[in-house]
Amino acid sequence: MNSFDLVSLWNRRFQSFSRDVIHYFSKIGNSGFLFALILLSIVGAIYYRRFLEWLPEAAPIPLMLAILFSILITVGNLRTFLKEADLSYLTPLELRMKNFFRRSFMYNVVVQSAGIFAVAIIVNPLYMGRVAAEAISFPVFVLLLIVMKVFNLYSRWYELRLHHRRERIIQGFMRWILNVLFIYGLLQWNLRVLSLIAAISLVIRTLLFVSKTMRHSGIHWLKLLHMEEKLDGRFYRTVNFFVDVPQLQNKAVHRRIIPALTGYLPFRKSYAYHYLLFKLWSRSGYMFGMFIRWTLVGMILIFLIPDIYGEGFAYLLFLVISGMQWRAFWGEFYRRVSFQLYPLPEDQQKQAFVSISFAISMIQAMMVTIPHFFHDHTPVELFALPITGIIITYIYGKVMIQGYITKKLEEEGALHG
Amino acid sequence: MKKLLQVHQVSGGYDRRHPIIKDIYFEVNPGEIVALIGLNGAGKSTTIKHILGLIQPVSGSITIHGYNAIDHPESYRSQFAFIPETPLFYQELTLREHLELTAMTRGLDQDLFTSRMHKLLQVFNMEDKLEHFPEHFSKGMRQKLMIMSALMVAPPLYIIDEPLMGLDPLGIRSLLQSLEQAKNEGSGVLMTTHILSTAERYCDRFIIMHQGRIVAHGTLDELREQSGVSDATLDEIYIQYVEGRVKP
C-alpha cells in the first residue's frame, strides 16, 4: 500500500463519519426536540442575564474564566479515525501514516477550535461587562485561545504516546498550570508578563518533550483506539438522547448500592423482568448518569427561577425531556432481552418496563420539586407544582409509554409474523 | 419411552428459497446424551437455532415434550436450557445476579436457588467469583457462567453448542460429570462438538451432519457397522463420511 492509498483510506473514513453525523443531526432536526432545545436556550438566555446581574462585584471573574478556558484548552480527545482492525493491518505501516494522522489532527483542530469559539461567544457578555476594561481585546483573546488550543493539541498528540496513565496526567497537569497562567495574564493586562512567561515555558517544554518522545516511542495504538471508542460512544449516546441509535453499546458501571434495591422485589417468576430491568438501568452508565444529571439540572433550574410561572414552564420542559429517554431505553431493553429465550409471557416485558420507568420517573419528578418548597409561595402555588408532576408523569408513563411500547411490539410482531 | 425432543423432517435456514438444512430428523430421549457432529458449516448451529425457536422451519416440525415453539412459546422454552458457544451475558450483572435472574425466570424458590447455587459454585470452582462481573472473566469462566445457569434450571433437555471450547481440564471434567448426573436423573442432552474423542466417551448416540443433511446416525456400534470398519474410532468414521467414502 502506498501513501496515496492511506490518504484515500482516511478520506473514506472521514466521509462515512460525516455521513453518520449528518444523518443523525437531520434526524434530530426532524424529531421536534430541536424546538425544546430552542425554548430551553431562550429560557437560558433570560436567566443568563439575571445571573450576570446577580453576580457579585467581588467575584473573581478573570480567574474563573482562566480556569474555564484553560480546561477547554488542556483536555481534548483526539479523533484519529482508526478502527480496531487497523491493529493488524495498519500497524506495520505506522511510519508511512504521517499524512493520515496529519489529516486527523487537522480535523481535531477545526472541531475543537469551533468549540472554544462557541464557548467564547457565550461568555462574551460577561467578558465585555466585567473584564474587558483590564483585559486584552476580545477578538485577540479568542484568537490567542485558538492558537493555544492548536499548540496544546500538538503536545497532547505526543503525550498520547506515553504508555502510563500517570505520566500522561502529569504532562497534562503541567500544561494546564501554564495555560491558566497564560489566560489569566491576558485577562489582567497589567500581569501580561505572566502570559509571556507561561507561553515561552510552554513552547520550550513542548518542544523538548516532543523531541524526546519522538525519538523513543511510536504511536500508542491501543490508547488511540480506546479514545476513538470513547468518542464514538459519546457521540452516539448524545444522539441517542433524541433518536434511536442501534449501534449504541452501552458501557456498564459497576455500582453496588442502588442496584441492590432489587432485593426488595419478590423472588418470583412474574418479577424476573423487573429485576433485570432495574439492574440494567441502575448500572447503565448512560441511563443512570442521565437520571442524576437531569435531576440536578432540574433542581438547580427550579431553585434559580423564583416565580411560579417560570418554575412551571421549566418543570414541564424538564418532565418532557427527561421522559423521552425511556423510549430509547425500551428499544435497547427489548433488543437485549428478546434473544434470551426466557420462558416468560411476552407481555411481562412491557408490564415490567412500564412499572419500573413509571416509578423512577415519579421519584425524579418529586425530587426536582424540592427546591420549590424553599421559595416564597402561596399554599396553592406550593402544591400546584408537585401535583402537576404527578399528573404529567402518570399520563406520560402509564399512557404514552405504554402506548408507544404496544405499538413497537405490534410492529415487531408484524415484521416476524 | 416418552419422546423428549423430536425433530421431524425439518428443512430451513435464513432464506426460504435456499435452505441450509434439509430433511433433518432425529430425537433425543430422556436419559441420553446425543452428539451432533459435523464440519464447520455443516448446519449444526442452524439446526440448533431451529430447535431454540429462533428460526422457524420452512417445512417439518420440532416438538419438546409435545410442545412447539410457535403455539406454546412459554411452555416450550421451559423445557430446555441452552448453553451457547459464545457466552451471552449482561455486562451489568454479577455472577450471582445472573444465577438469580435465571432462577427467577424459571420460577425456582429462593431456598432451592441458594442451595443449587452453592453446590454449582463449588463444583465449578467459582466461589470467589460470586460478586464479580463476567466482563472481567476469561472465556472459560464465562462459559462456566453459562453452564452453571443451565444446571441451575435442571431442565428436561439441555442444548449445548460446543461446550468444551475454552474450558480448563477441571471445568471439562465438572461439566461432563454434571451432564452424566443430569442424564441419570432423566434429562436429555443434545450437544454439538468437534472434540470427538470426548464425544465418543460420553455420548450415547451420534448424528453426523454434512452439507445440511444427516449422513449417519446411531450408537458407536451402529456407526461402525454402517461404515464397515468394526474397530473404527468415531474420528475415523466421521472422516469417512465427510470425505464421502461411505455413502449414507
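Below, read A as the first sequence line, B as the second, and so on, with proteins coming before strands; counting in each chain starts at 1.
In the displayed structure, A/E84 atom CD is contacted under 6.0 Å by at most 12 heavy atoms of other residues, nucleotides or ligands. Within 6.0 Å of atom NZ in A/K230, 12 or fewer heavy atoms from other residues, nucleotides or ligands are found, so the atom counts as exposed in its surroundings. Residue-environment remark: CD1 (A/I292) exceeds the threshold of 12 foreign heavy atoms within 6.0 Å. By the neighbour-count criterion of 12 heavy atoms within 6.0 Å, atom CD of A/E346 is sparsely surrounded, having that number or fewer from other residues, nucleotides or ligands. Annotation: B/H132, atom NE2; neighbour count of heavy atoms from other residues, nucleotides and ligands within 6.0 Å is above 12. Within 6.0 Å of OH on B/Y202 lie more than 12 heavy atoms contributed by other residues, nucleotides or ligands. Environment of NZ in B/K139: crowded, with over 12 heavy atoms of neighbouring residues, nucleotides or ligands closer than 6.0 Å. Residue B/H8 places its NE2 atom among 12 or fewer non-hydrogen atoms of other residues, nucleotides or ligands, all under 6.0 Å distant.
Heavy-atom proximity under 4.5 angstrom to chain A picks out B/R106, B/G107, B/L108, B/D109, B/Q110, B/F113 from residues 106-117 of chain B.
A salt bridge between B/E97 and A/R283 is present, with a side-chain N of the basic residue lying under 4.0 Å from a carboxylate O of the acidic one. One finds a salt bridge joining A/R336 and B/E92 here, because a Lys/Arg side-chain nitrogen approaches an Asp/Glu carboxylate oxygen to under 4.0 Å.
Checked against the 6.0 Å centroid criterion, the rings of A/H254 and B/H136 qualify as a close aromatic pair.
Distance CG/A/L341 to OG/B/S78: 11.5 Å, rounded to 0.5 Å.
Here the closest non-hydrogen pair linking A/P266 and B/M104 is O-CE, 3.5 Å. Of all non-hydrogen atoms in A/R256 and B/T94, the two that sit nearest each other are NH1-CG2, 3.7 Å.
At a threshold of 4.5 Å between non-hydrogen side-chain atoms, the residues A/L276 and B/T105 do not count as touching.
Only the side chain of A/Y275 comes within contact range of chain B, with at least one heavy atom under 4.5 Å from a heavy atom of that chain. With a 4.5 angstrom heavy-atom cutoff, B/Q79 does not touch chain A via any of its atoms. Looking at A/Y273, there are no atoms closer than 4.5 Å to chain B (heavy atoms on both sides), in backbone or side chain. B/L93 touches chain A through backbone and side chain together, each having a heavy atom under 4.5 Å away.
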Residues B/L101, A/Y342; criterion side chain to side chain contact (heavy atoms under 4.5 Å, CB included); working and verdict | CA-CA 10 Å; B/L101 176 67; A/Y342 295 128; 3.4 Å; yes
